[in-house]
Amino acid sequence: MSDQPSPADGPAELRAFLRSRRARITPEQAGVPAGPGPRRVPGLRREEVAALAGVSTDYYVRLERGRNPHVSTAVLDAVARALRLDETEREHLAALARPRPARTRPLPVQKLAPGLGQVLDSVRDLPAMVTGRRQDILATNHLMRALYLDFDALPSRERNMARYVFLNPHARSLYADWEHAARGVVASLHLYAGRHPDDPRLAELIGELSLRNEDFRRWWAAHEVLRHAHGTKRYHHPVVGDLTLHYQALTPAADGEQVLGLYTAEPGSASDEALRLLASWAAPSPATDAPARRAGD
């Protein structure tokens, strides 16, 4: 449907992103006069951002509309400071404002980076998995499958974290704070969309989730961006109960668009004990011990 959100329209994405960043800053916060009369837009006006960035209003309007693809790094930095963007938002702004040439051929099928399968096979006491483009699940170890679900039992197109979080009812009961986790997934997808606006499988994913889930549709329109580097996640597992796990995301040199995620518990904590119990419950027998599952296996 044409009215569904899509990552493919670069200028529209840039315009919506900058409008959303302007809307969250009040004139008082920015230190600019509010001016007489009621304001027609929330947050800062275009001319106010232009003044804070040290550029003309006309130049900023062209930038926001995606009509200045050769904007300098200095101007983007000035706009980012005016809008108080964090490092991830700055990266996203640069990707949207200076898009790469359109692809002449589709992205190749993503294969697990060399060595990552062996890493997962060797990690037996921690949940671990590898995600790729669009948060596709490329590989998991047995403990990650016990924590979430066996993604490899799903059809290949459904082995995706965003589809799991928004379309699988198990996810809402697994996450202690489902909304926080789900919004993080949306923000991560937005960051990817800034780098790959012409990825047809991403467009398919965004369209499907937008049609089937109202929460996704609303949060996608907020244009938040997030890089999952590290953090904490809380779960309520049906077998071992509550767990608070810390995750660390590592990117292999062989493929910068793959992420190895490792999950740990605070030593000696109740979550540590629950994780040990989960490992014992999920431990494969020697006769059935299998290597980490890989996408396409």
Side-chain angles (χ1 to χ4, degrees), residues 5-7 10 12-25 43 76-77 79-81 83-97 99 110 127-138 144 148 160-168 171-172 174-197 199 201-203 205-206 209-210 213-235 244-252 255-264:
S6 170
E13 281 292 303
L14 174 61
R15 182 165 58 251
F17 176 69
L18 286 174
R19 282 178 175 174
S20 70
R21 301 309 94 169
R22 286 195 285 116
R24 70 182 183 180
I25 303 176
L76 288 180
D77 286 344
V79 170
R81 287 193 298 271
L83 295 176
R84 303 184 181 187
L85 304 187
D86 63 26
E87 196 60 35
T88 303
E89 290 170 327
R90 286 169 177 255
E91 175 187 329
H92 189 60
L93 172 60
L96 294 175
Q110 197 171 26
M129 69 175 169
V130 178
T131 55
R133 304 187 192 111
R134 304 167 295 272
Q135 298 189 34
D136 290 341
I137 307 299
L138 300 181
M144 181 59 77
Y148 279 86
N160 176 276
M161 186 56 71
R163 280 194 173 96
Y164 167 74
V165 167
F166 282 97
L167 303 182
N168 192 313
R172 287 184 179 263
L174 177 64
Y175 288 105
D177 187 345
W178 178 84
E179 179 175 333
H180 177 77
R183 295 187 72 139
V185 165
V186 176
S188 181
L189 275 180
H190 250 305
L191 188 64
Y192 174 84
R195 300 192 305 269
H196 298 287
D199 181 350
R201 290 185 60 188
L202 174 67
L205 176 64
I206 300 306
L209 295 177
S210 299
N213 191 280
E214 182 180 352
D215 288 326
F216 179 89
R217 187 165 58 248
R218 183 173 70 256
W219 295 332
W220 183 260
H223 293 273
E224 298 294 334
V225 290
L226 175 69
R227 182 184 302 283
H228 287 290
H230 56 82
T232 301
K233 294 186 179 182
R234 297 185 299 115
Y235 303 93
T244 298
L245 300 180
H246 309 291
Y247 70 87
Q248 185 71 39
L250 307 174
T251 302
D255 186 342
E257 292 186 334
Q258 294 189 29
V259 174
L260 169 63
L262 297 171
Y263 293 68
T264 62

>> Does either side chain, that of Asp136 or that of Gln110, offer a donor lying less than 3.5 Å from an acceptor on the other one?
In response: no
Gap separating the [atom1] atom of [X] from the [atom2] atom of [Y], nearest 0.5 angstrom:
| X | Y | atom1 | atom2 | answer |
| --- | --- | --- | --- | --- |
| Leu262 | Leu245 | CG | CG | 11.5 Å |
| Leu226 | His190 | CG | NE2 | 12.0 Å |
| Leu93 | Thr88 | CG | OG1 | 12.5 Å |
| Leu14 | Arg19 | CG | CZ | 10.5 Å |
| His180 | Arg234 | NE2 | CZ | 9.0 Å |

>> Whether Arg183 and Glu224 form a salt bridge (side-chain N of Lys/Arg under 4.0 Å from carboxylate O of Asp/Glu) is what I want to check.
In response: no
> Do NZ/NE/NH1/NH2 and the carboxylate oxygens of Arg134 and Asp199 come within less than 4.0 Å?
Replying inline: yes
> Would you call the rings of His196 and Tyr192 parallel, tilted or perpendicular if under 30° counts as parallel and over 60° as perpendicular?
Replying inline: tilted
> Taking the inter-plane angle between the rings of Trp219 and Trp178 on a 0 to 90° scale, is it parallel (under 30°), tilted (30 to 60°) or perpendicular (over 60°)?
Replying inline: tilted
>> Quick one, Glu89 with Arg84, criterion side chain to side chain contact (heavy atoms under 4.5 Å, CB included). Give me CA distance, side-chain angles, the key distance, then yes/no.
In response: CA-CA 9 Å; Glu89 290 170 327; Arg84 303 184 181 187; over 6 Å; no
> Is there a side chain to side chain contact (heavy atoms under 4.5 Å, CB included) between Val185 and Phe216 once you walk through the steps?
Replying inline: CA-CA 10 Å; Val185 165; Phe216 179 89; 6.0 Å; no
>> Among residues at least two apart in sequence or on other chains, which ones pass ring pair (Phe, Tyr, Trp, His ring centres under 6.0 Å) with His228?
In response: none
> Taking only residues two or more places apart in sequence, or in another chain, which ones meet Tyr164 in a ring pair (Phe, Tyr, Trp, His ring centres under 6.0 Å)?
Replying inline: Tyr148, Phe151
> Does any N or O in the side chain of Tyr247 come within less than 3.5 Å of the main-chain N or O of His230, such that one atom is a donor and the other an acceptor?
Replying inline: yes
[X] and [Y]: which non-hydrogen atoms are nearest, and at how many Å?
| X | Y | result |
| --- | --- | --- |
| Leu191 | Val225 | N-CG1, 4.0 Å |
| Ala162 | Leu205 | CB-CD2, 4.5 Å |
| Arg24 | Leu85 | NH2-CD2, 3.7 Å |
| Gly194 | Leu96 | CA-CD2, 4.0 Å |
| Ala94 | Leu76 | CA-CD1, 4.0 Å |
| Asn213 | Arg172 | ND2-NH2, 4.0 Å |

> Do Glu91 and Arg195 touch side chain to side chain, with heavy atoms closer than 4.5 Å?
Replying inline: yes
> Are any of the side-chain heavy atoms of Arg163 and Asn168 separated by less than 4.5 Å?
Replying inline: no
> Is the NE2 atom of His246 crowded by more than 12 outside heavy atoms at less than 6.0 Å?
Replying inline: yes
>> Tell me if the CZ atom of Arg133 is crowded by more than 12 foreign heavy atoms within 6.0 Å.
In response: yes
> Stepwise, does the side chain to side chain contact (heavy atoms under 4.5 Å, CB included) test hold for Thr131 with Ile137?
Replying inline: CA-CA 5 Å; Thr131 55; Ile137 307 299; 3.7 Å; yes
>> Before you tell me yes or no, could you show the steps for Tyr263 and Lys233 under side chain to side chain contact (heavy atoms under 4.5 Å, CB included), namely the whole-Å CA-CA distance, both residues' side-chain angles and the distance that decides it to 0.1 Å?
In response: CA-CA 9 Å; Tyr263 293 68; Lys233 294 186 179 182; 3.5 Å; yes
> Please walk me through it: do Asp215 and Arg218 pass salt bridge (charged side-chain N to carboxylate O under 4.0 Å, His left out)?
Replying inline: CA-CA 5 Å; Asp215 288 326; Arg218 183 173 70 256; 2.9 Å; yes
> For Ser188, what residues pass the side-chain hydrogen bond (donor to acceptor under 3.5 Å, both in side chains) criterion, not counting sequence neighbours?
Replying inline: Gln135
